[in-house]
Amino acid sequence: MNASATARTGRIKARRAARGSGVEYAARAGVTARGVIYLLVGVLALRIAFGDGKKQADRNGAVAEIAQQPFGAVLLWALAVGLVGMALWRLSEACFGSAGPDGRAAKKRLLSAGRFVFYAFVAYSVLSFAAGSGSGGKGSSDQQSRDVTAKVLNLPAGQWIVGAAGVGIVVAGLLIGGRAVLRKYHKKLRLGQMSARTRRLVDVTGVGGGAARGLVFAAAGCFAVRAAIDYEPDRAKGLDDTIRSFAHTPLGPWLLVCVAAGLVLFGLFSFAMARWRRV
């Protein structure tokens with residue numbers, strides 16, 4: 001067997017492994033972990049809406065909330081393992097493609113690579129917290145956003161970079177919300193395994209949760225654009241400050257309640273995805 005045949009055989013075996021049961025379990029564990037985080041962020045946001053603003057409505061706040069529960073350390077390690085599974089699943093998609101007829105398209109593989117980097121960072125931050133060597137990340141999401149924005153603004157063409165990133169986040173938020181409203185997620189679900197009632201419930205969580213998630217993304221992007229225009233890093237907001245900002249609109253705290261409830265719905269939708277998603 002020559003070298004090219006050996007390499008081809010190795011690639012085939014790697015592709016089969018990437019589509020095997022191990023990666024499927026990792027994917028479902030990862031989507032479940034994502035659901036837990038969004039569910040807790042939504043609950044924390046609801047507390048803020050009703051006057052309890054002491055805790056952060058972001059990933060750090062969710063991790064801290066888990067740590068305070070009975071068997072919190074065990075739950076944190078389970079969450080971290082799930083997030084590692086999510087990162088590995090996205091890595092396998094970037095290397096070998098995802099489920100579906102166009103799963104090996106360059107665009108989808110590039111998106112999976114970006115998601116791998118993001119979830120690898122999230123998994124590392126939760127692992128650090130669980131091991132007692134961190135705090136779910138260095139500072140709140142708000143402080144992280146301001147620090148990163150300040151560093152980028154000091155670069156040549158920094159205002160353009162921050163502004164372009166902000167516009168990109170706004171567009172991503174609109175796409176997330178729009179795809180949810182149009183129920184594009186149906187393509188990823190095993191709908192034939194659901195009853196009619198289950199489908200309706202999944203659609204309630206998918207549409208409501210996706211719309212709220214998209215709105216939060218779009219709002220965060222708008223704040224980044226504002227920071228670029230004004231050349232003020234403090235204008236940038238992380239997840240916690242972005243969520244809190246909905247209470248300062250003409251609709252008052254009721255818009256925050258709707259957004260918070262939507263994030264809870266997205267957490268529940270993630271649990272449905274973990275059960276019925278095609279991997």
Side-chain angles (χ1 to χ4, degrees), residues 7-41 59 62-63 66 74-127 130 176 179-180 183-207 209-210 213 265-279:
R8 185 166 57 253
T9 301
R11 287 195 297 271
I12 292 172
K13 289 181 178 179
R15 191 173 296 116
R16 287 175 179 171
R19 295 174 179 172
S21 59
V23 171
E24 180 178 351
Y25 292 143
R28 300 196 189 285
V31 176
T32 301
R34 183 188 69 178
V36 170
I37 290 175
Y38 270 97
L39 183 64
L40 289 176
V41 169
R59 186 184 69 250
V63 170
I66 292 173
V74 175
L75 295 174
L76 274 180
W77 281 107
L79 181 68
V81 169
L83 291 169
V84 169
M86 174 71 93
L88 293 176
W89 171 43
R90 294 306 189 183
L91 178 61
S92 73
E93 287 188 331
C95 294
F96 306 109
S98 58
D102 58 342
R104 298 186 67 186
K107 178 182 177 182
K108 287 200 171 183
R109 293 173 72 170
L110 185 60
L111 285 172
S112 293
R115 288 165 176 160
F116 159 69
V117 173
F118 173 75
Y119 281 108
F121 170 77
V122 174
Y124 172 77
S125 67
V126 176
L127 282 168
I176 289 170
R179 290 177 64 84
R183 295 172 172 83
K184 294 290 187 180
Y185 55 82
H186 278 186
K187 298 177 181 178
K188 300 178 180 180
L189 291 171
R190 296 170 177 168
L191 296 175
Q193 296 181 4
M194 300 181 188
S195 66
R197 182 173 179 273
T198 299
R199 259 191 226 185
R200 287 194 295 270
L201 290 174
V202 170
D203 278 339
V204 169
T205 60
V207 173
R213 183 174 178 240
L265 288 176
F266 187 78
L268 298 175
F269 175 69
S270 293
F271 298 152
M273 290 289 280
R275 170 65 176 82
W276 287 291
R277 195 190 197 283
R278 292 191 179 95
V279 179

Gap separating the [atom1] atom of [X] from the [atom2] atom of [Y], nearest 0.5 angstrom:
X	Y	atom1	atom2	value
Phe269	Leu201	CZ	CG	13.0 Å
Leu40	Ile66	CG	CD1	5.0 Å
Ser125	Phe121	OG	CZ	5.5 Å

Mind listing the closest non-hydrogen atom pair of [X] and [Y] along with its distance?
X	Y	answer
Ser270	Gly35	CB-CA, 3.4 Å
Ile37	Ala62	O-CB, 4.1 Å
Ala180	Gly210	CB-CA, 3.5 Å
Val202	Thr205	O-OG1, 2.8 Å
Ser92	Val23	OG-CG1, 3.7 Å

How would you list, by chain and number, every residue that makes a salt bridge (Lys or Arg N to Asp or Glu O under 4.0 Å) with Arg28, sequence neighbours excluded? Glu24
Please list, chain by chain and in numerical order, all residues satisfying side chain to side chain donor-acceptor pair (under 3.5 Å) with Ser112, sequence neighbours excluded. Glu93
Tell me, do Tyr38 and Arg213 make a side-chain contact under 4.5 Å, heavy atoms counted? yes
Are Leu76 and Val63 side-chain neighbours, meaning at least one heavy-atom pair lies under 4.5 Å? yes
Sequence neighbours excluded, which residues qualify as side chain to side chain contact (heavy atoms under 4.5 Å, CB included) partners of Ala78? none
Partners meeting ring pair (Phe, Tyr, Trp, His ring centres under 6.0 Å) with Phe116 (sequence neighbours left out): none
Under the ring pair (Phe, Tyr, Trp, His ring centres under 6.0 Å) rule, collect the residues that match up with Tyr119, sequence neighbours excluded. none
Can you give the donor-acceptor pairs under 3.5 Å from side chains of residues 184-194 to other protein atoms, not counting sequence neighbours?
from, atom 1, to, atom 2, distance (Å)
Tyr185, OH, Asp203, OD1, 2.5
His186, NE2, Asp203, OD1, 2.8

Please say whether more than 12 non-hydrogen atoms of neighbouring residues, nucleotides or ligands are located less than 6.0 Å from CZ in Arg115. yes
Check the pair Val36, Phe271 against side chain to side chain contact (heavy atoms under 4.5 Å, CB included), reporting the backbone distance first and the verdict last. CA-CA 8 Å; Val36 170; Phe271 298 152; 4.1 Å; yes
Please report the C-alpha distance between Val31 and Arg34 in whole Å, then the side-chain angles of each, then the deciding distance to 0.1 Å, and finally whether the side chain to side chain contact (heavy atoms under 4.5 Å, CB included) criterion is met. CA-CA 5 Å; Val31 176; Arg34 183 188 69 178; 3.9 Å; yes
